[in-house]
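Residue numbers begin at 1 in each chain, while the letters A, B, ... track the order of the sequences.
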Protein chains: 2
Amino acid sequence: MGEPTDSGPAPAAGRGRAALIEDGVEFDGRDAALLRAVDAAGSVAGAASELGRSRARALTRIETLEDAYGTLVERRRGGEGGGGSRLAASARDLLDRYDRLQAVLAATASVPETVLDGTVAAVDGELAVVDTPVGELSGLHGGTVDDEDADDRADGRDADDRADGRGADDGADGRDADDGADGGAVAVGDAVQVRIGADAVTVNDAANAVDPDATSARNRLAGRVSRIDSGETVSTVRIVVEPVDRGGTDDAAVEVAALITAESIDRLGLAPGDPVSLRWKATATRLVAQVE
Amino acid sequence: MGEPTDSGPAPAAGRGRAALIEDGVEFDGRDAALLRAVDAAGSVAGAASELGRSRARALTRIETLEDAYGTLVERRRGGEGGGGSRLAASARDLLDRYDRLQAVLAATASVPETVLDGTVAAVDGELAVVDTPVGELSGLHGGTVDDEDADDRADGRDADDRADGRGADDGADGRDADDGADGGAVAVGDAVQVRIGADAVTVNDAANAVDPDATSARNRLAGRVSRIDSGETVSTVRIVVEPVDRGGTDDAAVEVAALITAESIDRLGLAPGDPVSLRWKATATRLVAQVE
DNA sequence: CGCCGTTGTATCTATGCCGATACAACGACG
DNA sequence: CGTCGTTGTATCGGCATAGATACAACGGCG
């Protein structure tokens with residue numbers, strides 16, 4: 001494809017980069033490109049020359065990956081055409097998984113987010129209630145949902161016949177040192193950031209109140225549309241929410257972003273100034289310990 | 001803190017690793033740990049010795065980072081205690097941003113997801129309609145929402161007085177080579193994975209139908225609760241959705257995962273076998289090109 | 001003024017990863 | 001049986017990064 005003069009592991013999405021990790025071995029964009037090239041060329045040698053990188057290195061790299069991720073490439077030497085290599089089914093699953101991670105990263109980089117600073121008011125398991133300028137919001141903290149039986153990873157998949165080589169074994173993954181912000185757990189009184197992805201916020205007609213008991217969306221705010229940044233088919237709607245009076249001095253208006261389709265804007269008849277009701281799930285709200 | 005015998009950049013979250021990228025310079029867990037150590041020790045020298053790494057390297061690393069991210073550490077030599085270093089406000093913002101990325105990554109690694117294979121039926125801008133075993137679903141493809149004026153990055157922030165050193169300039173970010181799956185754009189007829197995060201799916205009482213015009217959530221499915229994996233305060237509910245009859249042979253049942261709070265389960269009175277209505281936003285649905 | 005611990009800066013060395021190269025083993029095919 | 005292009009395997013050198021070390025500059029403070 002392009003000129004192979006490029007270096008670097010993987011530019012990936014926007015202003016972030018993500019890689020899978022298993023057993024201490026990273027699987028990054030470079031590895032993904034290698035597997036894809038093997039798939040296309042039908043041989044590791046062909047893939048290496050296509051990518052302009054060393055064949056021997058490519059082979060040892062594949063072996064390193066296979067030590068961590070299991071069989072990825074079925075290699076055969078001798079025979080028709082001198083031999084050749086094909087991707088194992090698990091390699092395709094791995095690539096799919098990598099692409100999904102990449103898509104999620106791209107999404108977090110490109111989808112607007114609302115970040116509110118607050119203090120933890122209550123902690124109950126992996127859920128916490130945070131006191132923010134717009135009132136109490138609840139969200140998730142900590143990395144994992146199910147700590148014990150991890151690797152549960154749902155996967156409805158479907159009628160497709162692919163093997164689901166997902167689980168692997170995980171292997172405890174020793175070192176978890178130096179990340180600073182430990183696991184992500186918070187305690188009452190901690191200063192935290194409340195992150196709300198604009199793609200998680202549902203906009204409702206203010207008049208048409210939904211029966212609160214009929215939905216699992218907990219967080220709720222009322223506000224007025226302040227601005228609509230129209231894209232071709234997707235628009236970012238910003239809603240001004242009046243801060244609650246907490247006696248403090250910090251009573252600036254807060255703007256919450258919501259990403260909705262242009263069609264929905266039409267359907268709801270949204271325009272700046274309109275009163276709307278916002279709603280989003282606690283489980284789509286992430287709590288991040290604040291630096292200071 | 002721990003013993004500095006560790007190496008490697010940063011194990012980060014679960015089975016993934018992420019880093020920020022600006023101007024070709026990666027900001028990873030190692031850098032985050034360095035900045036945090038500087039903040040704690042009050043000097044780069046102290047931070048380096050605390051982390052068990054070279055002081056000179058730590059300094060040059062900070063300079064490299066500053067070339068890309070702007071001022072991060074205010075250094076002062078001579079004077080009381082011989083000098084010292086303090087984190088600039090933008091460094092705290094950067095750390096917060098890194099932590100948020102980490103949190104999102106950890107979330108995608110630990111939150112169940114539903115992946116459906118389908119084929120693109122229609123593309124309209126960044127939105128696409130995909131034909132899946134359970135009918136047509138719409139979701140986002142491609143990395144960015146606003147391509148032109150990127151770096152728009154909403155940020156309600158709030159009354160806090162922090163400077164928002166977010167925007168930077170981006171700088172086009174040259175190389176976007178070797179990722180294989182280009183940008184993420186799809187075309188009609190493409191085989192794609194439809195990724196639905198369990199934290200995006202809202203569960204509604206089947207009886208209590210919400211006026212479709214009152215919400216911006218587009219995707220809708222009816223099904224029955226098949227299993228509830230209860231966590232302490234957050235549970236994963238799996239809902240079996242009957243496949244639509246498409247004349248094909250692939251008519252296995254599809255299970256969709258939804259992450260909801262235990263409290264919501266109580267409130268809705270959910271139990272296996274109950275009919276429910278699922279709802280989630282098109283903008284919370286990511287389309288990923290399939291490998292083969 | 002000298003002490004002190006820090007920030008700057010330069011240089012040498014160790015390490016690890018990658019490309020380059022070379023050679024053996026393999027097995028269908030002509 | 002020889003050819004062919006591939007998979008294995010080993011070794012060498014280049015290059016980038018990090019650690020180690022050394023020394024100058026700085027500026028409060030005793």
Side-chain angles (χ1 to χ4, degrees), chain A residues 3-10 19 24-31 33-35 37-67 71-88 178, chain B residues 4-10 19 24-31 33-35 37-68 71-88 178:
Chain A
E3 42 233 16
T5 58
D6 192 4
S7 65
V25 179
E26 281 194 25
F27 182 90
D28 63 5
R30 192 178 162 80
D31 298 317
L34 176 58
L35 289 191
V38 169
D39 192 31
S43 73
V44 176
S49 98
E50 179 72 21
L51 295 176
R53 50 191 284 196
S54 161
R55 179 187 67 85
R57 280 298 144 189
L59 264 171
T60 61
R61 179 59 184 168
I62 287 176
E63 282 173 355
T64 301
L65 290 175
E66 288 188 325
D67 283 345
T71 300
L72 296 176
V73 178
E74 288 161 0
R75 289 160 292 178
R76 182 176 45 90
R77 71 174 166 181
E80 183 178 20
S85 296
R86 279 177 36 227
L87 287 194
D178 82 355
Chain B
T5 59
D6 191 5
S7 65
V25 179
E26 282 194 23
F27 181 90
D28 63 5
R30 192 177 162 81
D31 298 316
L34 176 58
L35 289 191
V38 169
D39 191 31
S43 73
V44 176
S49 99
E50 178 74 20
L51 295 177
R53 48 192 286 197
S54 162
R55 177 187 69 85
R57 279 297 143 192
L59 264 171
T60 61
R61 179 60 184 167
I62 288 176
E63 282 174 355
T64 301
L65 289 175
E66 288 188 324
D67 282 345
T71 301
L72 296 176
V73 177
E74 288 161 359
R75 290 160 289 179
R76 182 175 44 94
R77 70 174 168 182
E80 182 179 22
S85 296
R86 280 177 35 229
L87 288 193
D178 83 353

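For Arg53(B) against dG19(D), a side-chain-to-base donor-acceptor contact under 3.5 Å is absent. With hydrogens and angles left out, the side chain of Arg57(B) and the base of dG19(D) share a donor-acceptor pair within 3.5 Å.
For Arg55(A) and dG8(D), the CZ to P distance is 10 Å, given to the nearest whole Å. What separates CD1 of Ile62(A) from P of dC18(C) is a distance of 13 Å, to the nearest Å. Remark: C1' of dA25(D) and CZ of Arg76(B) are 15 Å apart, rounded to the nearest angstrom. In this entry the distance linking CG of Leu59(B) with P of dT21(D) reads 17 Å, nearest Å. When the C1' atom of dC18(C) is taken as reference, atom CG of Leu34(A) falls 13 Å away, rounded to whole Å. Regarding Arg86(B), its CZ atom lies at a distance of 16 Å from the C1' atom of dT7(C), rounded to whole Å.
Judged by closest nucleotide on DNA chain C, Ser54(A) is the one of Arg77(A) and Ser54(A) placed further toward the 5' end. Mapped onto DNA chain C by nearest heavy atom, Ala56(A) and Glu80(A) fall at different nucleotides, with Ala56(A) at the one closer to the 5' end.
Looking at heavy-atom distances under 4.0 Å, Arg61(B) makes no contact with the nucleic acid at all. Counting non-hydrogen atoms under 4.0 angstrom, Arg75(B) reaches the backbone sugars and phosphates but no base.
Looking at Asp31(A), its side chain never comes within 3.5 Å of a backbone N or O of Leu34(A) through a donor-acceptor pair. Between the side chain of Glu74(A) and the backbone N or O of Ala88(A) there is no donor-acceptor pair closer than 3.5 Å.
Neither OP1 nor OP2 of dG5(C) sits under 4.0 Å from any side-chain N or O of Ser43(B). Between dT9(D) and Thr60(A), no contact under 4.0 Å exists linking OP1 or OP2 to a side-chain N or O.
Remark: Leu59(B) CG to Thr64(B) OG1 distance equals 10.5 Å, nearest 0.5 Å. The distance from the CZ atom of Arg76(B) to the OG atom of Ser43(B) is 11.0 Å, given to the nearest 0.5 Å. To the nearest 0.5 Å, atom CZ of residue Arg55(B) and atom OG1 of residue Thr60(B) are 10.5 Å apart.
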